[in-house]
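We're numbering straight along the sequence, starting at 1. Start at 1 and go down the list; that is how both ligands and their atoms are numbered.
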Amino acid sequence: MEEKKIMCIGLVCLDIINVVERYPEEDTDTRCLSQRWQRGGNASNSCTVLSLLGARSAFMGSLAPGYIAENLPDVTADDFKRVDLTQYKWIHWEGRNVDEQIKMIQRVNEYNKDCPTDQRITISVEIEKERDDLYQLFQYGEVVFVSKDVARHFGFSSSAEAVVGLYPRVKKGAYLVCAWAEHGADALGPDGRVLHSPSFPPETIVDTLGAGDTFNASVIYALSKVSPLGQTIEEAITFGCRVAGKKCGIQGYDGIVS
Ligand SMILES: Nc1ncnc2c1ncn2[C@@H]1O[C@H](COP(=O)(O)OP(=O)(O)O)[C@@H](O)[C@H]1O
Ligand SMILES: *[C@@H]1O[C@H](CO)[C@@H](O)[C@H](O)[C@H]1NC(C)=O
Ligand SMILES: *[C@@H]1O[C@H](CO)[C@@H](O)[C@H](O)[C@H]1NC(C)=O
């Protein structure tokens, strides 16, 4: 039987990257050293990383026929009904249109109820933006990624503080993960132990765009390899920080595994 896939639901977009000598000051003109167009979007970035790591990945989101598109619709629960769940072992949602996303997650929960344990789909969610409606998602993921922006919004000043302070919001048995740039990342699970990984900075920081997506994808990859889930959450965040650190040392993603 073919290995089941990991699906990420969210955005794909075009990132136009201008490389400049230094961070520009407001209202000044700066000559670019180079420009490149690169596929971006958080779910799409994570799919790229998953494939580079050797996982079978799938992306679900709206695509435009050309370069320029505005207001592409978010994936709805109706769209999601067409997904053949038997093909997946893990589904990750980038928090956006929460009400629809909760319906999709409920569909997966129903599916899981009738599944033998080893065929179940693991659900993870990501909460990046400081938006009240998104916070409902805390209680829906078995693995929940929360950004440092959201953590700061709640008044926390480190990833360790954030996972402890926000843990009461997640569902029973879940893991909460928070990455904090050069400080690495922390995770907290049902056993109450706060686990930390340092960051692994490259010799020179070249490009941090999508470092967070690289981290999430690598954590998901590591956790999806083992059962029961969680035996190696500590190894998973360490792996996440290693791959994300490697990514910061190169432009784009080619070369994160080598
Ligand atoms: N300057 C850096 N040096 C080393 N590692 C980094 C750096 N920036 C990001 N990382 C790695 O990427 C992970 C995610 O970084 P983070 O800044 O939280 O993501 P983003 O800003 O892309 O949301 C961190 O946990 C860390 O492992
Ligand atoms: C990964 O998680 C971070 C929060 O730590 C978030 O900012 C980013 O958008 C996430 N990417 C995906 C694909 O979920
Ligand atoms: C999310 O995607 C956008 C667009 O590609 C990118 O600018 C941003 O760095 C990504 N966020 C993370 C946390 O990787």
Side-chain angles (χ1 to χ4, degrees), residues 6-18 36-51 55 57-61 72 75 90-96 101 123-131 134-135 137-138 140-141 143-154 156-160 162-163 166 175-187 195-222 236-253 256:
I6 300 172
M7 181 190 265
C8 300
I9 302 177
L11 276 199
V12 60
C13 64
L14 175 67
D15 286 343
I16 300 180
I17 297 150
N18 293 299
R36 67 180 197 276
W37 291 23
Q38 177 178 294
R39 180 167 48 78
N42 302 117
S44 165
N45 290 343
S46 284
C47 281
T48 300
V49 172
L50 284 166
S51 335
S57 74
F59 168 80
M60 187 169 187
L72 290 176
V75 174
W90 192 300
I91 304 183
H92 175 78
W93 278 266
E94 179 191 330
R96 296 185 57 82
Q101 293 183 319
I123 294 166
S124 60
V125 299
E126 165 269 327
I127 305 168
E128 179 184 29
K129 295 177 192 66
E130 302 124 81
R131 240 174 55 200
L134 290 182
Y135 304 149
L137 286 175
F138 275 110
Y140 286 96
V143 180
V144 178
F145 294 93
V146 65
S147 72
K148 61 177 171 309
D149 292 347
V150 169
R152 282 212 188 97
H153 168 83
F154 280 97
F156 304 114
S157 49
S158 70
S159 46
V163 293
L166 295 170
Y175 289 90
L176 181 58
V177 179
C178 183
W180 210 283
E182 68 273 19
H183 299 293
D186 282 79
L195 302 163
H196 176 74
S197 166
S199 69
F200 296 86
E203 236 161 73
T204 317
I205 304 268
V206 172
D207 170 26
T208 59
L209 182 69
D213 298 332
T214 304
F215 172 81
N216 302 353
S218 306
V219 170
I220 291 171
Y221 174 80
I237 59 170
T238 304
F239 180 69
C241 285
R242 273 187 201 285
V243 182
K246 190 115 191 232
K247 192 265 144 300
C248 293
I250 56 179
Q251 302 275 4
Y253 302 95
I256 52 164

Self-check item: Verdict with reasoning, Thr48 to Arg39, per side chain to side chain contact (heavy atoms under 4.5 Å, CB included)
Solution: CA-CA 10 Å; Thr48 300; Arg39 180 167 48 78; 3.1 Å; yes
Self-check item: side chain to side chain contact (heavy atoms under 4.5 Å, CB included) assessment of Trp93 paired with Leu137
Solution: CA-CA 9 Å; Trp93 278 266; Leu137 286 175; 5.8 Å; no
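- Residue-level proximity to ligand 1 for Lys148 is carried by the side chain, the only part with a heavy atom below 4.0 angstrom.
- Which parts of ligand 3 touch Leu209 is read off a 4.0 Å heavy-atom cut-off, strictly below it: atoms 6 (C), 7 (O), 9 (O).
- Evaluation of the side chain to side chain contact (heavy atoms under 4.5 Å, CB included) rule for Tyr140 yields Ile102, Ile105, Gln106 as partners, not counting sequence neighbours.
- The protein atom (non-hydrogen) at minimum distance from atom 25 (O) of ligand 1 is Gly184 O, 3.1 Å.
- Note on residues 237-249: pairs passing salt bridge (Lys or Arg N to Asp or Glu O under 4.0 Å), not counting sequence neighbours, are Asp207-Lys247.
- Residues Leu134 and Arg96 approach most closely at CD2-O, 3.6 Å, considering heavy atoms.
- Atom numbering of ligand 1 starts at 1 in the shown order; those under 4.0 Å from a heavy atom of Cys241 are 25 (O), 27 (O).
- Nearest residue to atom 4 (C) of ligand 1 from Ser197, Pro201, Ala179, Ser147 is Pro201 (criterion: closest heavy atom).
- Taking each heavy atom of Gly210 and Asn45 in turn, the nearest pair found is CA-ND2, 4.2 Å.
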Under 3.5 Å, N/O to N/O: give me all the pairs between ligand 2 and the protein, one per line with atom names and distance.
| from | atom 1 | to | atom 2 | distance (Å) |
| --- | --- | --- | --- | --- |
| ligand 2 | 2 (O) | Asn216 | OD1 | 3.0 |
| ligand 2 | 2 (O) | Asn216 | ND2 | 2.4 |
| ligand 2 | 5 (O) | Val146 | O | 3.4 |
| ligand 2 | 7 (O) | Glu128 | OE2 | 3.1 |
| ligand 2 | 9 (O) | Glu126 | OE2 | 3.2 |
| ligand 2 | 9 (O) | Glu128 | OE1 | 3.3 |
| ligand 2 | 11 (N) | Asp213 | OD1 | 2.6 |
| ligand 2 | 11 (N) | Asn216 | ND2 | 2.8 |
| ligand 2 | 14 (O) | His92 | NE2 | 2.6 |
| ligand 2 | 14 (O) | Asn216 | ND2 | 3.2 |

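- Residue contact check: Cys248 has heavy atoms under 4.0 Å from atoms 6 (C), 7 (C), 8 (N), 9 (C), 10 (N) of ligand 1.
- Each of the atoms 4 (C), 5 (O) of ligand 3 lies under 4.0 Å from some heavy atom of Asp15.
- Looking at Gly249, Ala244, Cys178, Ala181, it is Ala181 that brings a heavy atom closest to atom 24 (C) of ligand 1.
- Nearest heavy atoms, Ala185 versus His196: O-ND1, 3.3 Å.
- A 4.5 Å side-chain heavy-atom check between Phe200 and Val243 finds every atom pair outside the cut-off.
- Not counting sequence neighbours, the partners of Phe154 by the ring-ring contact (aromatic ring centres under 6.0 Å, His included) test are Tyr135.
- The Ser199 neighbourhood of ligand 1 comprises atoms 4 (C), 5 (N), with distances under 4.0 Å to a heavy atom of that residue.
- Nearest heavy atom pair, residue Gly240 against residue Ser218, reads CA-CB, 3.6 Å.
- Between the choices Ala151, Pro198, Gly212, the shortest heavy-atom distance to atom 14 (C) of ligand 1 belongs to Gly212.
- Nearest protein heavy-atom contact of atom 2 (C) of ligand 1 is Ile205 CD1, 3.6 Å.
- Closest heavy-atom contact between Ala162 and Cys178: CB-SG, 4.2 Å.
- The two atoms that bring Cys47 and Ala58 nearest to each other are SG-O, 3.3 Å, heavy atoms only.
- Of all atoms in ligand 3, numbered sequentially from 1 with element shown, those under 4.0 Å from a heavy atom of Gly40 are 5 (O).
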